[in-house]
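Position 1 is the first residue of the sequence, and the numbers go up from there. Each ligand, and each atom within it, is numbered from 1 in the order the structure gives.
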Amino acid sequence: MITRHVFQTDLTLKKGDITEESTDAIVNAANEHLMHGGGVAYAIAKKAGSILEEESRGIGYVPTGSAAITSGGNLPAKYVIHAVGPVWRGGKSNEPQLLRSAIRSSLELAKKHELKSISFPAISTGIFGYPLKNAAREMLSETLQFLRENPGELKLVQFVLFTDLDFETFKQELVQLIPE
Ligand code: AR6
């Protein structure tokens, strides 16, 4: 685990399973139709139970680069924020802007609902194929920008990484962005 205290918020990276996190919200790496069929989305939907599926159906469509909120059902987290990151198409289809926008939309939703803590997975880096290192840099720097513009709004923003490689890659990028 590694933490940087920035703009009155703890920005933490840890290795783990995001479905076990008890932050106010966990973020889901969703698709535009909120069909939670694979990856971390499946794990979240399964553990949350039918309320998450029902609320997702009620929301319907969420465009790439934005996010929507449902309750967390049986999860320790009260809410699930469904962020739709881009499918990687080689890097010339606005992927960085769309990924940053998915992060920004999630943080704005947390702020709007007066949440104090939020956990993100490594959005777009699994089934959607976004190169890990680039994705880590975009997600962390967009988070920092949000925290700079909204000091003290959130107490904790954490990235919960599933594999050693994911954790180490995020760590390298964080240390580059905020050396100490
Ligand atoms: N906790 C934390 N991270 C996890 C967990 C977990 N329990 N399980 C997997 N990961 P992915 P995407 C990591 O593929 O690329 C779904 O079908 C995983 O190792 O879940 O945004 C959706 O419905 C990887 O690092 O999301 C969409 O259709 C990261 O979560 C599509 O996949 C994201 O991988 C979204 O693809």
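Annotation: atom 16 (C) of ligand 1 to nearest protein heavy atom, Gly38 O, 3.2 Å. Looking at atom 20 (O) of ligand 1, its nearest protein heavy atom turns out to be Val40 N, 2.8 Å. If you check which protein heavy atom lies closest to atom 28 (O) of ligand 1, you get Asn31 ND2, 2.9 Å. Looking only at protein heavy atoms, the nearest one to atom 22 (C) of ligand 1 is Ala29 O, 3.5 Å. In terms of protein heavy-atom proximity, atom 29 (C) of ligand 1 is closest to Ala122 O, 3.3 Å. Counting only heavy atoms of the protein, atom 18 (C) of ligand 1 lies nearest to Phe162 CB, 4.6 Å. Considering only non-hydrogen protein atoms, atom 31 (C) of ligand 1 sits nearest to Phe128 CE1, 3.5 Å.
Residue nearest to atom 14 (O) of ligand 1, selected from Leu132, Ile127, Thr125, Val87: Ile127 (by heavy-atom distance).
Below 4.0 Å from some heavy atom of Asp17 lie the following atoms of ligand 1, by number and element: 1 (N), 6 (C), 7 (N). Short contacts between ligand 1 and Ala41, defined as distances under 4.0 Å to a heavy atom of the residue, involve ligand atoms 22 (C), 23 (O). In summary, the atoms of ligand 1 found under 4.0 Å from a heavy atom of Met35, numbered by their order in the structure, are 23 (O). Ligand-side atoms of ligand 1 in range of Ile18: 1 (N), 2 (C), 6 (C), range being under 4.0 angstrom from any heavy atom.
The OG1 atom of Thr64 lies 3.5 Å from the CD atom of Glu32; values are rounded to the nearest 0.5 Å. Atom CD of Glu149 sits about 8.0 Å away from atom CD of Glu108, to the nearest 0.5 Å.
Counting only distance, with no hydrogens or angles, the side chain of Asn31 and the backbone of Met35 share a donor-acceptor pair below 3.5 Å. The main-chain N or O of Pro179 is found under 3.5 Å from a side-chain atom of Arg4 such that the two form a donor-acceptor pair. Checked by atom type and distance alone, the side chain of Ser119 never pairs as donor or acceptor with a backbone atom of Ile18 at under 3.5 Å. Checking side-chain atoms of Ser117 against main-chain N and O of Asp24 turns up a donor-acceptor pair under 3.5 Å.
Distances between N or O atoms of Gly39 and those of ligand 1 include no value under 3.5 Å. On a distance-only criterion, Asp166 and ligand 1 share at least one N/O pair closer than 3.5 Å.
Below 30°, between 30° and 60°, or above 60°: for Tyr79 and His113 the angle between ring planes is between 30° and 60°, a tilted geometry.
For Ser106 against Ala83, the heavy-atom pair with the smallest separation is OG-CB, 3.4 Å.
The existence of a salt bridge linking Glu95 and Arg89 is excluded, since no basic side-chain nitrogen approaches an acidic carboxylate oxygen closer than 4.0 Å.
Not a single heavy atom of Thr163 sits less than 4.0 Å from an atom of ligand 1. For Ser124, the heavy-atom gap to ligand 1 drops under 4.0 angstrom.
Linking Ile, Leu, Val, Met, Phe, Trp and Tyr whenever their side-chain heavy atoms come within less than 4.5 Å puts Leu177 and Met139 in one cluster.
Side chain to side chain, Thr19 and Asp17 meet the donor-acceptor criterion of an N or O pair below 3.5 Å.
For atom 2 (C) of ligand 1, a protein heavy-atom neighbour is present inside the 4.0 Å cut-off.
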